[in-house]
Amino acid sequence: MSLANVNVEKNYLNRPKALGITVRRLQFNPKKIKRHYFANSPFMSHLLTALSSTFPIGEQFFVNSVRNVRDKVTDPKLQAQIAAFIGQEAMHSKAHTEFNDAWRRDDYQLDRFQAWLAKQDDTLRKAHPKLQLALTCAFEHFTAMLGGYILKHPEILSTLDEDAMKLWVWHAIEEIEHRSVAFDVYQEVYGDDRIRRLLMRSVTTGFASLTFYATSRLIWQDKWKSIPKLGGNLFGVYLVSKMLLQLIPEYLSYYQADFHPAKHDYTKLVNYWKARMADEYGMISFQEETASKIYS
Ligand SMILES: [Fe+2]
Ligand SMILES: [Fe+2]
């Protein structure tokens with residue numbers, strides 16, 4: 001082996017790792033997921049599917065907003081975290097595209113909505129990179145917060161069938177793992193707290209209206225099967241109202257001057273779910289991780 005090759009190899013080994021952010025491949029079968037998969041509630045199931053229908057385009061936007069300014073980041077650890085963040089979001093887009101396609105094969109129409117979303121995405125990508133990144137920071141606060149919330153409620157998650165469980169828990173865990181990346185990039189490159197907080201207001205109203213619109217569309221498309229399940233729907237409305245109320249303090253923490261996503265500690269929760277996904281659901285990527293921790 002030449003000296004140059006040895007050096008390349010050594011540089012590679014010395015490269016900082018994105019500690020705590022692991023890119024995992026999801027193996028699941030979206031076709032096995034039943035129509036009203038969440039708490040037997042059409043309302044809740046359609047709400048989650050509505051969110052899923054926005055993910056492939058939305059998560060690509062998040063990735064792009066970080067890529068836009070990646071060359072301005074000098075911290076090698078943060079560079080490694082950016083790479084892991086991009087890897088995780090790319091896997092999420094792929095998995096949710098498969099999930100959405102399974103719904104399309106059923107009798108749902110997601111195409112018109114996604115075409116509209118793609119147009120909004122085109123417009124937003126023309127905005128200043130700082131604004132795009134501030135939007136991503138706000139959305140990442142929401143995804144970590146919602147991910148944390150569902151992981152804190154195993155009694156609700158237990159109503160999901162196996163493949164739905166794998167998708168949503170895997171995604172929630174990874175959203176929590178990479179919750180600080182876009183924020184840290186924004187702080188290093190721009191650090192403008194006024195714009196960060198201002199855009200959270202727009203994202204809150206935008207995200208709420210988008211979710212409401214997309215959920216209503218799905219309920220309407222499935223009206224004959226959805227609306228008669230009154231009990232399931234009322235339970236879903238109760239769950240969402242309770243969640244929104246309980247999340248207020250965490251949501252508001254974003255407006256504090258000393259906010260940092262890592263201040264919300266999810267370590268125990270994430271470890272509990274990683275172990276459960278490895279043992280109970282046989283998810284290979286989590287099993288490998290547990291095994292490497294035992295032997296390291
Ligand atoms: Fe994601
Ligand atoms: Fe994310």
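The first residue of the sequence shown is numbered 1, and numbering continues consecutively from there. Note that these values count all heavy atoms, side chains included, but never hydrogens, waters or copies made by symmetry. In listed order, ligands and their atoms are each counted from 1. Just so it is clear, the structure is predicted and the values come from calculations on it, not from any experiment.
The name of the N, O or S atom in Glu59 nearest to the Fe ion (ligand 1) is OE2. His92 contributes ND1 as its N, O or S atom closest to the Fe ion (ligand 1).
When OE1 of Glu140 and OE1 of Glu175 are joined through the Fe ion (ligand 2), the resulting angle is 100° to the nearest 10°.
At least one N/O/S atom of Glu89, from backbone or side chain, sits under 2.8 Å from the Fe ion (ligand 1). For residue His171, an N/O/S atom approaches the Fe ion (ligand 1) to within less than 2.8 Å.
The side chain to side chain contact (heavy atoms under 4.5 Å, CB included) test with Arg196 is passed by exactly one of Phe259, Tyr255, Tyr190: Phe259. Put simply, the residue from Phe85, Trp170, Trp168 that forms a ring-ring contact (aromatic ring centres under 6.0 Å, His included) with His92 is Trp170.
Remark: the Asn100 side chain and the Ser52 side chain contain an N/O donor-acceptor pair separated by less than 3.5 Å.
Residue Met165 is not grouped with residue Ile284 when hydrophobic side chains (ILVMFWY) are merged at heavy-atom distances under 4.5 angstrom, including chains of intermediate members. Neither Leu117 nor Leu110 shares a network with the other; the hydrophobic side chains, linked directly or stepwise wherever heavy atoms of I, L, V, M, F, W or Y lie under 4.5 Å apart, form separate groups for each.
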